[in-house]
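The structure presented is a predicted model; accordingly, all values stated were derived computationally and were not measured. Every number for a ligand or one of its atoms is a count from 1 in the order of the listing.
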Amino acid sequence: VIKIAQVPEGKGFEDYQNVYNDIAAKIEDNLDFDGGAGYYGQLVRLSWHTSGTYTKSDNTGGSYGGTMIYSPESFDGENAGLAVGRDFLIEFKDKYPWISRGDLWTLGGVVAVQESGGPKIPWRPGRKDIYDRATVPEPGKLPDASKDGKYVRDLFKRMGFNDRETVALIGAHCLGKCHTYNSGYDGPWGPSFNMFTNDFYVRLLGGWHVKKWDGKKQYEDDETNSFMMLPTDMALKEESYFIKYVKEYAKDQDLFFKDFSKAYSTLLELGISYPRGSKPFIFKTVDEQEE
Ligand code: HEM
Ligand SMILES: Nc1cccc2nccn12
């Protein structure tokens, strides 16, 4: 399946920086959403789920076609709650009719990471809105949080990621929270959930116990009982091939930022062919434009 990037006629860096700035402004106007988590987590999860359907062996899935709104992908239980992110962004599809869903949804994640203090994320436009039932991925490609380390390792390997990249990507769980009405898992994550940091790894290396409740198996921290981890999060400290990266990132936020930036940029472009030598955009943050 060939998916070739096609940039809308005459659109360049400035055009996409304008979209970036509009998204950033709307995030800024809604910081108290979701108990103070804001929209950062929602937008990063949307960008990840539109991309994480990718399978390297047959080059299917990925962010190119913006197919998440079509069945059967729209019915994938793992995508519950993502209408929040899509609805947040939809006004920019009207304002900038030339932008594709895939470009808008992945750009939304880039804005969220950069505006919450995270690393710069290289990003390229050119995804195309397509409706061809044959290109809509079947449910089951996105990870189930109740599983173990081997499952996580194999699922990310299907996308073409190694152990280091897998651990780096899941560090995005520093943002946002779980919502029982979406996944059955219960938030909270705490005061740092609107800041992109290596906090996830630092906390993960602390003490955790299984939460006593009638919901899905999940963990809460020994110290305050106010943070949570999924079983697949805990798997990162249970497997020898993951734990070494957890420790590296807990010690060195710059290293985490460097590895996350590369892996996340790759994730958002899985399956897409770009013209040789096409240079990614590195958008300025809102703060950088005020100087
Ligand atoms: C083993 C892999 C993963 C599993 C099983 C997993 C599972 C989950 C679950 C169950 C939630 C809660 C959804 C809700 O209840 O609203 C969640 C939230 C989230 N996930 Fe993951 N995830 C994984 C990897 C990733 C990756 C690779 C990224 C990004 C690069 C990511 C970004 C997020 C974010 C930002 C949230 C918070 C969403 C919000 O605040 O609404 N996750 N994840
Ligand atoms: N914020 C958040 C979302 C999803 C999973 C997760 N594990 C720890 C924190 N966290």
Side-chain angles (χ1 to χ4, degrees), residues 33-54 63 76-86 88 106 108-110 112-113 116 118-119 121 141-159 161 165-197 199-204 206 208 211 215-221 226-237 239 242 256 259-268 270:
F33 177 70
D34 205 4
Y39 278 91
Y40 302 103
Q42 305 269 352
L43 293 172
V44 171
R45 181 168 171 251
L46 172 62
S47 70
W48 138 240
H49 275 220
T50 194
S51 308
T53 54
Y54 182 68
S63 65
D76 186 335
E78 295 301 343
N79 281 336
L82 290 176
V84 171
R86 293 196 303 270
F88 176 92
T106 53
V110 171
V113 170
S116 59
I121 308 295
K141 302 287 192 323
L142 294 164
D144 169 348
S146 69
K147 304 280 190 197
D148 65 7
K150 170 132 183 29
Y151 165 88
V152 172
R153 191 185 212 192
D154 292 346
L155 188 134
F156 279 81
K157 196 174 196 164
R158 187 206 77 220
M159 290 183 248
F161 289 119
E165 291 163 328
T166 300
V167 173
L169 284 168
I170 296 174
H173 280 171
C174 60
L175 289 176
K177 61 195 286 287
C178 297
H179 310 80
T180 34
Y181 46 82
N182 284 343
S183 61
Y185 295 99
D186 181 35
W189 176 240
S192 63
F193 61 179
N194 58 3
M195 291 185 291
F196 196 93
T197 66
D199 208 29
F200 170 79
Y201 306 103
V202 175
R203 293 190 187 285
L204 184 60
W208 296 84
K211 180 184 173 92
K216 288 182 178 177
K217 179 182 175 186
Q218 67 177 65
Y219 296 79
E220 65 189 5
D221 65 308
S226 70
F227 295 100
M228 62 80 64
M229 286 288 173
L230 299 164
T232 47
D233 295 325
M234 295 308 282
L236 302 183
K237 71 188 270 190
E239 303 294 350
F242 285 147
F256 165 51
D259 288 359
F260 180 84
S261 173
K262 195 164 173 300
Y264 182 56
S265 184
T266 301
L267 170 71
L268 301 184
L270 288 176

Next on the checklist: Using salt bridge (charged side-chain N to carboxylate O under 4.0 Å, His left out), reason through Asp186 and Lys211 one step at a time and then give a plain yes or no.
Outcome noted: CA-CA 10 Å; Asp186 181 35; Lys211 180 184 173 92; 3.5 Å; yes
Next on the checklist: Run Phe193 and Tyr40 through ring-ring contact (aromatic ring centres under 6.0 Å, His included) and show every step you take.
Outcome noted: CA-CA 9 Å; Phe193 61 179; Tyr40 302 103; 9.7 Å; no
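The protein heavy atom nearest to atom 39 (C) of ligand 1 is Lys177 O, 3.4 Å. Summary of contacts: the protein heavy atom closest to atom 12 (C) of ligand 1 is Cys178 SG, 3.5 Å. Protein heavy atom closest to atom 35 (C) of ligand 1, with residue, atom name and distance, is Gly41 O, 3.3 Å. The protein atom (non-hydrogen) at minimum distance from atom 7 (N) of ligand 2 is Asp233 OD2, 2.7 Å. For atom 2 (C) of ligand 1, the closest non-hydrogen atom of the protein is Pro143 CG, 3.4 Å. Considering only non-hydrogen protein atoms, atom 8 (C) of ligand 2 sits nearest to Met228 O, 3.1 Å.
Considering His179, Lys216, Met228 only, the shortest heavy-atom separation from atom 41 (O) of ligand 1 involves His179. Taking all heavy atoms of His173, Met234, Lys177 into account, the minimum distance to atom 9 (C) of ligand 2 is reached by His173. Within the set Phe193, Trp48, Tyr39, the minimum heavy-atom distance to atom 24 (C) of ligand 1 is found for Trp48.
Checked against a 3.5 angstrom limit, the closest N/O atoms of Leu175 and ligand 2 fall inside it. Geometrically, ligand 2 and Cys174 share no nitrogen or oxygen pair separated by less than 3.5 Å.
Taking a cut-off of under 4.0 Å to the non-hydrogen atoms of Gln42, the atoms of ligand 1 that pass are 39 (C), 40 (O), 41 (O). The Asn182 neighbourhood of ligand 1 comprises atoms 14 (C), 15 (O), 16 (O), with distances under 4.0 Å to a heavy atom of that residue. Every atom of ligand 1 with a heavy atom of Ala145 under 4.0 Å away is listed here by number and element: 5 (C). Here is the list of ligand 2 atoms found below 4.0 Å of a heavy atom in Met229: 8 (C). If you number the atoms of ligand 2 from 1 as listed, the ones under 4.0 Å from a heavy atom of Gly176 come out as 1 (N). Applying the 4.0 Å criterion to heavy atoms of Leu230 picks out, from ligand 1, the atoms 7 (C), 8 (C), 9 (C). Atoms of ligand 1 found under 4.0 Å from any heavy atom of Leu175, numbered from 1 in the order shown, are 37 (C). With ligand atoms numbered from 1 in the order given, ligand 1 contributes 40 (O) to contacts under 4.0 Å with heavy atoms of Gly176.
Few gaps surround NZ on Lys216; more than 12 heavy atoms of other groups in view lie less than 6.0 Å from it.
Classification of the His173-Phe200 ring pair by plane angle, with boundaries at 30° and 60°, yields perpendicular. Ring-plane geometry between Tyr181 and His179 is classed as tilted, the angle between the planes lying from 30 to 60 degrees on a 0 to 90 degree scale. The aromatic rings of Phe161 and Phe156 lie tilted to each other, with the angle between the two planes from 30° to 60°.
Counting heavy atoms from C-beta on, the side chains of Leu204 and Leu236 come closer than 4.5 Å.
Tyr54 contributes atom OH, which lies 12.5 Å from atom NZ of Lys141 (distance to the nearest 0.5 angstrom).
Put simply, part of Phe156 is less than 4.0 Å from ligand 1, judged by heavy atoms.
Annotation: Tyr219 is not in aromatic contact with Phe227 [ring centroid separation under 6.0 Å not met]. For Tyr201 and Phe256, the distance between ring centers is under 6.0 angstrom.
When heavy-atom distances to ligand 1 are checked against a 4.0 Å cut-off, His173 comes that close only through its side chain, counted from C-beta outward.
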